[in-house]
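Report on the structure given below.
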There are 2 protein chains.
Amino acid sequence: MFKGLPKVLVVDDEQDILEIIRHSLAKEGFEVHIAANGAQAVEQAKKIKPEIIIMDVMMPVMDGMEACRQLKGFPETQNIPVIFLTARSEEFAELAGFEAGADDYISKPVRNRVLLSRLKAILRRRNTLSTPEPEKYDFGNLKIDRERYVVEYDGKTLQFPRKEFELLSFLASRPGRVFSRDEILENVWGNEVLVVDRTIDVHVRKIREKLDDKFIYTVKGVGYKFES
Amino acid sequence: MFKGLPKVLVVDDEQDILEIIRHSLAKEGFEVHIAANGAQAVEQAKKIKPEIIIMDVMMPVMDGMEACRQLKGFPETQNIPVIFLTARSEEFAELAGFEAGADDYISKPVRNRVLLSRLKAILRRRNTLSTPEPEKYDFGNLKIDRERYVVEYDGKTLQFPRKEFELLSFLASRPGRVFSRDEILENVWGNEVLVVDRTIDVHVRKIREKLDDKFIYTVKGVGYKFES
DNA sequence: TTCCTTTGTGACATAATGTTTAAAGGATTG
DNA sequence: CAATCCTTTAAACATTATGTCACAAAGGAA
């Protein structure tokens, strides 16, 4: 877990882009630092130890590739994930950015949503390594094992498809509590929801089928809840 | 929590787009207001105090940028989130927009799902900040659990239909206090609903049936009250 | 008491909501 | 790259909740 706001270092020689990214990340609760070229980036990175670096590939003085290589060479910066910004997506493969140690890349023009979600994904990945969440729910004849991604019901071990598993385990994370379809969409499908809420009903049906209509109950006009 | 439907102000000079958005938002349960240019938007916003504003950037008379700047200047409107619609995800528009105080932007053509999910995300963010409601009322042999949406009476757990549950829990939120039918309609049904007030009587009767005529009492000529 | 207003009741229509099935399109896997 | 399994949508179907009515009952005021 971070102390205070997570720090991000944004590196680009174009002032406009720098500003856009800075602004939107700041609003999302990051502490944003900036650099205009690779050399500055390396220098900054050593000093402020950001949790993550977002860097343009094409820059004067020292390009992103070279900066990334250098960062991976210093012990104090080598574990900081780097996201590359490239003009087009094809470019990246040719330039072999992964060999330079990049963790991800995003092609321009940058959409804030995309950037943010990648960013959060990477940070989350790091966090979960050191933040073990409750990995197993036990309701007697029903056990939900988040680590192994399986459901045990009446002694039998069932392999649920991903969405069904996540839906069930979300509802089960707070037994009794009624969740509206909107809440479910936001938590199981994610922020950028592009799914009709009827979809939930279908998944619920499938889960019920497997669990003999137990555990998931409808509260008409409100939503669904889990109860054992 | 809102009384009635959340209000949205949609601003666009193109009649078609206005209509499309209005229609789909109305269907999702928003009270939709419209304006055709920035000047109207500012005027409307002050008057109706919408929970959120969706505004085209390019408009005659006063463009979205300028309107947004003005809105952020007035104390009564400065906290209303603004979502911009841009013709393309032009970086310039995006940058300038954020500086003008926009909270988000969406590039045309607008997909209803995207619009809706952003909208809800923003509203939810605001709501959860200011909604620390009590989730459980306890009156001895009667407990009302708003989180689970159930009523426990004499040890038995009862599933109330939504309106009945909300009516009971509204009355129970201030035991002893008499509420007129108008007050009840406003709080349980919402401002804009047109329902005959005798409807309340019918619901009261159903609740009494389930609770053995206890808890809800008539104050003739005035209204109803809850007492344990 | 008698009249008049307000509230309670049961039945009913229909609006709202949830369930189920089928099928198309995507993603994944061998 | 074919086969399979997921995910999502749409549409038909089923169910329940909600609102309205007509009339009965209760309560007050003259």
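Convention: sequence-line order gives letters A, B, ...; per-chain numbering from 1.
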task: Respond yes when some side-chain nitrogen or oxygen of A/Trp189 is under 4.0 Å from OP1 or OP2 of D/dT7, and no when none is.
output: no
message: At 4.0 Å (heavy atoms only), tell me whether A/Val204 reaches a base, stays on the sugar-phosphate, or touches nothing.
response: nothing
- request: Can you figure out which of D/dT7, C/dT7, D/dT9 approaches the side chain of A/Val195 most closely?
  value: D/dT9
- prompt: Given atom OH of B/Tyr217 and atom C1' of D/dA26, what is their separation to the nearest angstrom?
  reply: 18 Å
field: Phosphate contact (C/dT17 OP1 or OP2) by A/Tyr224 side-chain N/O below 4.0 Å
entry: no
field: A/Lys225 NZ to C/dG18 P, straight-line distance once rounded to whole Å
entry: 14 Å
- prompt: Do the side-chain N or O atoms of A/Arg208 get closer than 4.0 angstrom to the phosphate oxygens (OP1, OP2) of C/dT19?
  reply: yes
message: OP1 or OP2 of C/dT20 versus the side-chain N and O atoms of A/Arg205: is any pair under 4.0 Å?
response: yes
message: Measure CD1/A/Ile216 against C1'/C/dG18 and give the value in whole Å, please.
response: 14 Å
message: What is the separation between atom NE2 on A/His203 and atom P on D/dT8, rounded to the nearest whole Å?
response: 5 Å
message: Should the side chain of B/Arg198 and the base of C/dG8 be counted as holding a donor-acceptor pair, with the cut-off at 3.5 Å?
response: yes
- request: Could you state the atom-to-atom distance from CG of B/Leu185 to P of D/dT20 in whole Å?
  value: 10 Å
query: For C/dG8, does OP1 or OP2 lie under 4.0 Å from any side-chain N or O of B/Thr218?
result: yes
query: Cationic tip of A/Lys210 within the cone over A/Phe160's six-membered ring, i.e. under 6.0 Å and within 45° of the normal?
result: yes
- prompt: Do NZ/NE/NH1/NH2 and the carboxylate oxygens of A/Asp138 and A/Lys143 come within less than 4.0 Å?
  reply: yes
message: What is the separation between atom CZ on B/Arg162 and atom C1' on C/dA15, rounded to the nearest whole Å?
response: 12 Å
- line: Rounded to whole Å, the CZ-P distance (A/Phe165 to D/dC6) equals 14 Å
- request: Measure from CG on A/Asp213 to C1' on C/dT19 and round the result to the nearest Å.
  value: 11 Å
message: Between D/dT15 and A/Lys220, counting only base atoms on the nucleotide and side-chain atoms on the residue, is there a donor-acceptor pair under 3.5 Å?
response: yes
task: Name the orientation class of the two ring planes belonging to A/Tyr153 and A/Phe215 (parallel below 30°, tilted from 30 to 60°, perpendicular beyond 60°).
output: perpendicular
message: Taking A/Glu147's backbone N and O only, do any of them form a donor-acceptor pair with A/Asp145's side chain (distance below 3.5 Å, no angle check)?
response: yes
query: Side-chain N or O of B/Thr199 less than 4.0 angstrom from OP1 or OP2 on D/dT20?
result: yes
task: Measure the acute angle between the ring planes of B/Trp189 and B/His203, then classify it against the limits of 30° and 60° as parallel, tilted or perpendicular.
output: perpendicular
Closest to side chain of B/Val202, choosing from D/dT20, D/dT18, D/dT8: D/dT20
